[in-house]
Every structure is written in structure tokens, then in C-alpha cells.
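The block underneath contains the structure these notes are about, expressed in C-alpha cells.
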Amino acid sequence: MRLPFAAIAASCLLAITAIPATADAPTTADAVPPPVGEGAPRLIVAISVDQFSADLFAQYRQHYEHGLARLMGGAVFPSGYQSHAATETCPGHSTLLTGVHPARSGIIANDWFDPALGRTVYCAEDEGNPKSTAEDPVVSSGHLLVPTLGDLLKRRDPASLNVAVSAKDRAVVMMSGHSADAAYWFKGQGFATFDDRALSPAARAENAQLAEAVNAGAPDLAVPGWCAAYDRGLALGDFTVGTFRFPLKPGDFKAFAVSPRIDEATTDLAVRLLDELPLGRDSVPDVLSVSYSATDKVGHAFGTEGLEMCIQQAVLDHAIGRLLEALDARGIDYVVVLSADHGGADAPERMRLQGVPDAARLDPALTDKALSQAVSGVTGVTVPTGRLLYGAGGSGDIWLNGAIKGAARAKVIAELVRQLKANPQISGVYTAEELSRIRVPSGNPQDWTEIERVAASYNPAHSGAVLMMTRRAVVPGTAPRLGYVATHGSPWDYDRRVPILFWRMGMTPMEQAQPVETVDIAPTLAALVGLEVPAGTFDGRCLDIAAGEADSCGR
């Protein structure tokens, strides 16, 4: 006899990864919730779900029954937008709590090529540190040019706590900013923090119990009954996706980190930090940022339409539910916002089977290696070391080798633009000179032109000399490989459109389908906690999340 999924998931997931918080944490029955909704909340809980597109939200919302189901009882904006074109993790996370586009924040992509260094620089790297390398960067917030909401609250009152946890360091850095009191991400065999900090007791305890769980291994994750329709294999060369259930071999930390279990571990550490610091316990508002990374990891490894993503959505819902229950049990007056850094595309091979005939992988002629050879062959321009060009895929930026100067540089750019425009997979080609003249617009993000979307990602300090945009359903990467079959990064709606949900106890539910932006989140939260900032601090606007005559923005 098949048990209900909720029962299976609870027993399976908790046995594998759930780690108790502190022994003296109050139970739900003992806690007496405050009169929530009166005055400013004591804790802002900012949740990001990496690669959680509006399409995924729409597809699975009928099945959520835990945390995500609760959040749907608040203010729901199903058509939120990451307005910029470079829909990657670092720029997307940078918009959520700064309220500004990548053009201002300086976070134009996950990585960029630095001609002076002759290598790629990571968005959350201190490349000036001699220990930092492209393969193992020293994590820093130095490239983020603007403050986050947590930074602004600490400026107003240093007693305000600013805490972030995720599987990804760049998510932690871009959501917490420059003044994190605690910042943790997964690295190797446990959660890590900045080089100049020691792990706190909460992090050490989490790592110890996490290691015990991983070393023990675990069976397949439970499969909800409503996932049956997605349980179909898709052959991609010599491997298949669409049917994997995430068994865990003993001691396989790498597999753990790219599975739904990492989201449960992220919740575990976030709950521990609630008590260690503690958060939301005084009259000064705190910020807890929690970025769940497994949806992105599953999307890359298996695509968005298989059994793997269905299992992940169930685990995610459960993980968020446990976080909210822990907050309830402690009687904290909190407000939640949930959104995403970007959406994502499915594997093009499956998209073609599901009615998208133009879905394709990137033409090998559009890689930086091939473009370098082709442009050099026409122009005669060569460089003493390295390639002529760097970039091309992903965010679309193409950087020139630092040795190319003057007339040779102009010649290379002109030929590069010509070749790109001749390729049928290319939707648009824009030079840095063109983009410097484009003003990032306001108004409905769904109506922005392609060049306006690219301009929102363009910053002269780091962006390429030329930016190429591929046509809809062209997925970066020339071939699928085991562990990486799909991705994101385009200026199209499946990558730009994300849900935005606000929830606070006592809110009147509402759903507003008008297009809004992720840069609207920070000003909306600032209004809730009475944070006054100079005009122009945010690119976004405050959203009224109070259904009825009241205006949560105080206008």
C-alpha cells in the first residue's frame, strides 16, 4: 500500500538531513505569536529560490502543501521580472535586496574577463588577494557597488543583524552585502564562511551532523504521486535524464551538494542561526536571507521537466515549511518575501518533443574559441598569448584580449559584429559604445526592448566590448554532458520571469498579475520597517501589498 507523499517525505527527508536546532527552542504549542501586523516586523526573511521561474511556480503551485502553500496566502505577484538580460545567479541575487539593476550594482554576470589580469574574475571575488585564483576565489563583497537592505538597516542602527545562508557563496554575498554578521555557504564537506572568520558553534554543529548523515548514505528520495507524469526517460547521448531519484552513496558530499537535500541542510543551518544570534528578538529589525540552490542545481543537471525537478519542488516546499514553522515556534514577528534570481530553460532535446521545434543548443561557431579563429582569419589580428576573444556564451558578453589596442581593436570589433549578425541563432548584437548611450527604462519590464534589457546588465567597468543575444529557445552550451544539460542566461521571459511573494501573519491574501520587478522588493520591505532612504537609492518602487484601502507604502 502506498503511503501519502507527505508522510513518506517527512520520514525520509528528516532521517537523511534534518538536524535539530537548539535543545531549548520553544515548541509550536508553547509559543505565543505576537500581534503580527501591528507596526514594523522584527525580522525580514528574504528567500531566494535559485532558478525558480514563474513557469515552474505556475506548473507546481497546485501541489504545494507546506511552506510555499502558506506563502501563496499572502501577496502574490506571479509575473515578477529580473528585468536585465544577463539572467545569471550573481546579477539576479544582487537585485533582490539592493533594489538596483546590474548596470548600477556592477554585478553584470557570474564572471567577467579582466584584460589587465588576463583571466576571468568571479563576481564575489577579491582578486587582489594573493590567495585568490579563478579556480578557488577568495570570497568578498568588493564588486558590489551598492548597499543591500541589511547594510542600510545597519547604517540606521548597528544593532540590526544581517545574516545569510545558502549553498552558494555568491548568493550569500549578494543578498547580505557588505555588513553580514553571519554568512555561510556550502564548500567541500560543509558550510564555510569568509576567510577572516571562524565558524560559529551553530555552523560547526551543523557540519558535524551533516557529515554524519552524508557518511551514512541514503536511499532514493520519496516520489509524490503527482510526479508520475514526469517520470519519463530522455536519452542524451550515452546517459539518460528524467527518472533519477537521488540515492546518496555513503560519503558522497559532491552528490549531496547538488541534490534536493542541500535545501534541507540550508534550512537546518538557518534555524540554528535563529537561536545563536538571536534574530528577531528585539525592537530593531533584522534580516535573514536564505537562498535555496537545489532547484538551480537540479535544473542544470536534469532540466526542468523531468521527475528530478518534480521531486525537488516537493522537497523545496517542505524545507521552506520547516523554516516558517521554526519562526512560528519562536514567536517571532516576521515578514517573508520569496523570489528568484532567474528562471531557466529545459534541455532543448525535450523542448523539441514538447512542441518547441526551434529549441537548439548553441552553434559551435558562436563559442569564443571559434569566433577568435574566425575573426583573426579575416582581420589578420593576432595576440601573443591567449585567445583573441573571451566569453560569448552565458551572459552574452564578449571581451577582447588586453593586447588588442587602437585600430586593431576597432577592426576586431567591427568584424566580430559582422560575423555575429550573420549567424541565424543571433537575435541582437550590441557594442559597448551603443549601450553606453541607452538609458535603463522604467515601466513594465515585459515591454522593454532587447537593447534596453541588455543595457540594464551593462556596466562599463566589467562588461564586454560586444554583447550577443541568442534567439529564443537557443540554450547556451554546444552539447549536453552528464551533470549539465540545461541552463539560463537569456533575455527571454522563461529566464527573466520569476514569482514574487510577500507574506506576514494576518495579511489579507491578494494576487496581482501586473508585471513588477525584483528591484521593487527592497523598497517594499524598506517601507514596512520604516527605513527612509535618499531619493534615487533604489531603481525599483514600493509595491502596495496591503489589499484594501490601506497602503503599505505609506503614500
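This chain uses plain numbering: 1 for the first residue, then up along the sequence.
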Residues 86-94, side-chain donor-acceptor partners within the protein, below 3.5 Å, at least two apart:
residue, atom, partner, partner atom, Å
Thr87, OG1, Gly489, N, 3.2
Thr87, OG1, Ser490, N, 3.0
Thr87, OG1, Ser490, O, 2.8
Glu88, OE1, Asn110, N, 2.8
Glu88, OE2, Ser395, N, 3.4
Thr89, OG1, Lys168, NZ, 3.4
Thr89, OG1, Asp341, OD2, 3.4
Thr89, OG1, His342, NE2, 3.3
His93, ND1, Thr89, O, 3.0
His93, ND1, Asp341, OD2, 3.3
His93, NE2, Ser48, OG, 3.0
His93, NE2, Ser291, OG, 2.8
Ser94, OG, Pro91, O, 2.6

Taking [Y]'s backbone N and O only, do any of them form a donor-acceptor pair with [X]'s side chain (distance below 3.5 Å, no angle check)?
| X | Y | result |
| --- | --- | --- |
| Glu308 | Gly242 | yes |
| Thr120 | Phe113 | no |
| Asp397 | Leu467 | no |
| Thr243 | Gly233 | no |
| Thr266 | Tyr292 | no |
| Asp346 | Thr304 | yes |

Residues that [X] engages under side chain to side chain contact (heavy atoms under 4.5 Å, CB included), provided they are two or more places apart:
| X | result |
| --- | --- |
| Lys254 | Asp252 |
| Ala360 | Gln425 |
| Ala547 | Thr508, Met510 |
| Pro348 | Met351, Arg352, Ala359, Arg361, Val475 |

Residues in salt bridge (charged side-chain N to carboxylate O under 4.0 Å, His left out) with Asp363, at least two apart?
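None.
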With Asp231, which residues qualify under salt bridge (charged side-chain N to carboxylate O under 4.0 Å, His left out), at least two apart?
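Salt bridge (charged side-chain N to carboxylate O under 4.0 Å, His left out) check on Asp231 returns Arg245.
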Out of curiosity, [X] [atom1] to [Y] [atom2], how far, rounded to the nearest 0.5 Å?
| X | Y | atom1 | atom2 | result |
| --- | --- | --- | --- | --- |
| Leu274 | Tyr334 | CG | OH | 10.0 Å |
| Arg496 | Arg453 | CZ | CZ | 4.0 Å |
| Thr470 | Asn423 | OG1 | CG | 10.0 Å |
| Gln82 | Thr518 | CD | OG1 | 3.5 Å |
| Ser442 | Glu452 | OG | CD | 9.5 Å |
| Leu327 | Leu279 | CG | CG | 9.0 Å |

Find out whether Phe186 and Phe256 are in side-chain contact, i.e. whether some heavy atom of one side chain is under 4.5 Å from a heavy atom of the other.
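Answer yes - side chains close enough.
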If every non-hydrogen atom of [X] is compared with every non-hydrogen atom of [Y], which pair is closest and at what distance?
| X | Y | value |
| --- | --- | --- |
| Ala109 | Cys123 | O-CB, 3.4 Å |
| Leu97 | Ser289 | CD1-OG, 3.4 Å |
| Lys297 | Ala257 | CD-O, 3.0 Å |

Test Leu234 against Leu353 for side chain to side chain contact (heavy atoms under 4.5 Å, CB included), laying out the working first.
CA-CA 10 Å; Leu234 174 70; Leu353 295 176; 3.8 Å; yes
Identify, with sequence neighbours excluded, every residue that meets side-chain hydrogen bond (donor to acceptor under 3.5 Å, both in side chains) alongside [X].
| X | answer |
| --- | --- |
| Thr487 | Tyr484 |
| Trp185 | none |
| Tyr64 | Gln313 |
| Asn444 | none |

State yes or no: are the ring centers of Trp112 and Tyr390 separated by less than 6.0 Å?
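Judged by ring-centre distance (under 6.0 Å), Trp112 and Tyr390 do not meet the cut-off.
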Ring centroid separation for Phe239 and Phe244, is it under 6.0 angstrom?
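Centroid distance Phe239-Phe244: not below 6.0 Å, so no.
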Parallel under 30°, tilted from 30 to 60°, perpendicular over 60°: which one fits the rings of [X] and [Y]?
| X | Y | answer |
| --- | --- | --- |
| His318 | His66 | perpendicular |
| Tyr60 | Tyr230 | tilted |
| Phe502 | Phe77 | perpendicular |

Show every donor-acceptor pair shorter than 3.5 Å between a side-chain atom in residues 100-108 and any protein atom, with sequence neighbours excluded, or say none if there are none.
residue, atom, partner, partner atom, Å
His101, ND1, Asp539, OD2, 3.2
His101, NE2, Glu517, OE1, 2.9
Arg104, NH1, Gly536, O, 3.2
Arg104, NH1, Asp539, OD1, 2.6
Arg104, NH2, Gly536, O, 3.2
Ser105, OG, Ile107, N, 3.2

With side chain to side chain contact (heavy atoms under 4.5 Å, CB included) as the criterion, how do Asp169 and Lys187 come out once you've worked through the C-alpha distance, each side chain's angles and the decisive distance to 0.1 Å?
CA-CA 9 Å; Asp169 53 20; Lys187 182 178 181 180; over 6 Å; no
Establish, from distance only, whether the side-chain atoms of Asp544 and Gln512 form a donor-acceptor pair under 3.5 Å.
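Gln512 and Asp544 do not have a side-chain donor-acceptor pair below 3.5 Å.
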Would you say the side-chain atoms of Gln312 and Thr295 include a donor-acceptor pair closer than 3.5 Å?
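On atom types as modelled, these side chains qualify, holding a pair under 3.5 Å.
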Using the side chain to side chain contact (heavy atoms under 4.5 Å, CB included) rule, take Thr267 and Val271 through it: C-alpha gap first, then chi angles, then the decisive distance, then the call.
CA-CA 6 Å; Thr267 285; Val271 172; 4.1 Å; yes
I would like to know whether Phe246 and Phe302 meet ring-ring contact (aromatic ring centres under 6.0 Å, His included); could you show each step before the answer?
CA-CA 11 Å; Phe246 302 100; Phe302 304 99; 5.6 Å; yes
Show, in sequence, the C-alpha distance, side-chain angles and deciding distance for Arg322 and Asp268, and conclude whether the salt bridge (Lys or Arg N to Asp or Glu O under 4.0 Å) test is met.
CA-CA 9 Å; Arg322 287 203 302 112; Asp268 294 336; 2.7 Å; yes
If the test is side-chain hydrogen bond (donor to acceptor under 3.5 Å, both in side chains), which one of Glu450, Arg472, Arg471 qualifies with Ser427?
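Exactly one candidate clears the test, Glu450.
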Would Leu323 and Val336 satisfy side chain to side chain contact (heavy atoms under 4.5 Å, CB included), going step by step from the backbone distance to the final call?
CA-CA 11 Å; Leu323 176 61; Val336 181; over 6 Å; no
